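Down below is the structure, laid out as structure tokens.
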2 protein chains.
Amino acid sequence: MPDSAIRPRKEFGKTIAADITHRLREEIIACAVAPGEPLRFDVLRERFGASFTTLREALTALAAEGLVDAQEQRGFRVAPVSRQDLTEVTDARVLIEVELIRRAIEKGDDDWEIAVISTLHRLKRIEQRDPEHPLRDPEWKIAHRQFHQALVSACGSATLLAIRAELFDRAERYRHLSANFRPRPRDKAGEHQAIMQAAISRNADLAVQLIEAHIRSTADNVATYAGHLLDAE
Amino acid sequence: MPDSAIRPRKEFGKTIAADITHRLREEIIACAVAPGEPLRFDVLRERFGASFTTLREALTALAAEGLVDAQEQRGFRVAPVSRQDLTEVTDARVLIEVELIRRAIEKGDDDWEIAVISTLHRLKRIEQRDPEHPLRDPEWKIAHRQFHQALVSACGSATLLAIRAELFDRAERYRHLSANFRPRPRDKAGEHQAIMQAAISRNADLAVQLIEAHIRSTADNVATYAGHLLDAE
DNA sequence: CCAGACTATATTTTCGAAAATCATACCGTT
DNA sequence: AACGGTATGATTTTCGAAAATATAGTCTGG
């Protein structure tokens with residue numbers, strides 16, 4: 001018997017819909033389903049083993065996050081990618097992340113410092129273990145996400161954190177898009193280390209400068225190595 | 001086809017789910033259903049004449065917008081209100097709106113100027129007609145929303161405009177919350193006029209200053225006159 | 001009288017059939 | 001051949017019954 005018969009069906013949420021939302025989100029971010037590709041119910045039904053309405057609920061939630069494009073009466077598709085969208089997501093991320101890092105540095109307590117340091121430590125450990133293709137490693141992705149999350153977690157605004165998280169996901173999809181074409185990842189480890197140090201030493205201006213450069217250079221990389229995918233269609 | 005001619009079930013969207021999403025959103029913003037109130041399917045079913053799954057889809061969409069609170073396996077409820085949430089929404093609005101007004105002033109073309117002027121004109125006309133309780137007048141609400149939308153529409157970022165729209169809705173719910181207790185609206189007409197003039201004359205710094213004051217004073221008003229509703233639970 | 005287990009009821013969540021809608025191919029006419 | 005309309009098949013959307021889960025109420029043993 002395959003896993004689905006033995007393993008619990010709901011891994012990430014209490015409801016099947018929430019679980020499928022989570023799984024499909026990860027697949028879209030990882031570009032396991034191509035941008036712009038139609039999401040037909042027959043296919044999804046077989047893949048996720050859920051019914052029409054449950055899938056519909058998941059797709060509706062992802063549409064609100066900007067990862068899925070709902071075309072009324074004509075179904076859903078994976079949100080398309082474009083240079084314009086990449087630019088918008090990048091600019092929005094800079095605007096919000098810069099503000100949040102300032103607030104976090106101002107408000108962060110001991111627990112925040114510990115979270116920043118420990119998440120970076122885990123990230124570096126994973127990078128040491130397998131320094132080749134970080135985006136292919138699910139553990140690296142989680143650790144990377146958690147480090148950036150930890151940096152701003154003390155900002156004091158759940159509202160802005162939620163918006164930041166959505167934008168992070170949308171940006172991560174672009175990183176995956178270019179991962180297959182990028183010859184070699186640049187020195188992210190050093191950048192993360194520098195950001196952490198600036199944050200912990202409460203040097204807000206420096207941290208802001210580093211974060212902005214980090215975000216923008218990632219986006220530039222995507223535009224360079226996945227440009228052909230952004231122009232087509 | 002004949003059904004829609006007699007009694008159009010779908011007013012705002014092509015699908016029933018999208019229509020209910022829209023109608024329920026307006027009801028929540030207008031505080032026709034109280035913050036924190038449970039949204040039970042029996043009740044919604046009778047009220048909107050739709051089935052479980054269709055309602056579920058609408059509630060999921062509104063949960064993603066922050067107007068509904070989804071409690072897994074325990075149904076949905078109208079998103080609660082609090083001082084903390086009001087502060088977060090206000091701060092987030094200032095952060096984003098200030099940036100967007102700057103971009104709009106920089107990029108806005110003739111069409112933008114026309115949109116700003118004409119939406120303000122309509123707003124003032126409605127205010128002249130019935131200057132008493134603007135928030136009770138659906139037309140005023142729409143015109144007010146459209147004026148503020150027009151101001152930033154030329155910013156060039158659909159992504160940030162969508163985020164801004166969500167925050168605007170969440171803030172509008174707080175305005176409605178305090179509307180019943182506020183003795184008399186302050187001089188909004190004058191503020192709108194001043195914002196428009198600053199924008200059209202491309203005085204970005206002044207426009208930013210006025211917008212921020214506009215947003216914050218509205219929030220202060222809510223905190224003053226609806227404070228008792230924010231502390232209770 | 002209380003804590004915990006059990007039962008009954010209320011409510012949410014999920015399912016697959018059925019209705020509605022869209023896309024395509026076909027046909028007849030000009 | 002080009003065009004417009006229509007039938008056909010594919011796909012989405014909606015429905016209400018059925019399953020799963022939570023909540024309230026009851027009972028029992030201590």
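Just so we're clear, the structure is a prediction, and the values are computed from it rather than from any experiment. Per chain, numbering begins at 1; letters A, B, ... match sequence-line order.
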Atom pair distance, as rounded to whole Å: CD in B/Glu46 and P in D/dG16: 13 Å
Interatomic distance, A/Leu44 CG vs D/dT11 C1' [rounded to whole Å]: 12 Å
Axis deviation across the helix from C/dC1-D/dG30 to C/dT30-D/dA1, five-pair ends, to the nearest 10°: 0°
Nucleotide C/dT13, atom P - distance to CD of B/Glu57 in whole Å: 15 Å
Gap between atoms CG and P, on B/Leu55 and D/dG16 respectively (whole Å): 11 Å
Six-ring centre of B/Phe52, B/Arg45 cation under 6.0 angstrom, axis tolerance 45°: yes
Rounded distance (Å) that lies between atom P of C/dC22 and atom CZ of A/Arg40: 16 Å
Shortest side-chain distance from B/Gln73, nucleotide among D/dT12, D/dA22, D/dG16: D/dA22
C/dG16 phosphate, OP1 or OP2, under 4.0 Å from A/Arg45 side-chain N/O: yes
Candidate pair B/Asp169 and B/Arg164, rule salt bridge (charged side-chain N to carboxylate O under 4.0 Å, His left out), full reasoning: CA-CA 9 Å; B/Asp169 284 349; B/Arg164 190 208 76 94; over 6 Å; no
Sub-4.5 Å side-chain heavy-atom contact between B/Arg125 and B/Leu120: no
Between D/dG16 (C1') and B/Arg56 (CZ): distance, integer Å: 15 Å
Sugar-phosphate only, base, or nothing, as touched by A/Phe76 at under 4.0 Å among non-hydrogen atoms: sugar-phosphate
From D/dT11, C/dT12, D/dC15, nucleotide with atom closest to B/Ser51 side chain: D/dC15
Integer-rounded Å distance: D/dT21 P and B/Gln71 CD: 18 Å
Candidates D/dA22, D/dT14, C/dT12 - which lies nearest the side chain of A/Lys14: D/dA22
Heavy-atom pair of closest approach, residues A/Lys14 and B/Glu72: N-OE1, 2.8 Å
N or O in side chain of B/Arg74 less than 4.0 angstrom from C/dT11 OP1/OP2: no
5′-ward residue of the pair A/Asp42/A/Thr53 relative to DNA chain D: A/Asp42
Residue-phosphate contact under 4.0 Å: A/Thr54 side-chain N/O, C/dC15 OP1/OP2: yes
Pair A/Glu127-A/Leu123, side chain to side chain contact (heavy atoms under 4.5 Å, CB included): steps then yes or no: CA-CA 6 Å; A/Glu127 283 171 347; A/Leu123 184 61; 4.0 Å; yes
Plane angle bin for B/Phe168 and B/His144 - parallel if under 30°, tilted between 30 and 60°, otherwise perpendicular: tilted
Whole-Å distance separating the CD atom of A/Glu72 from the P atom of D/dT13: 8 Å
side-chain contact (heavy atoms from CB on, under 4.5 Å) partner of A/Arg173, the single match among A/Val222, A/Ile28, A/Val89: A/Ile28
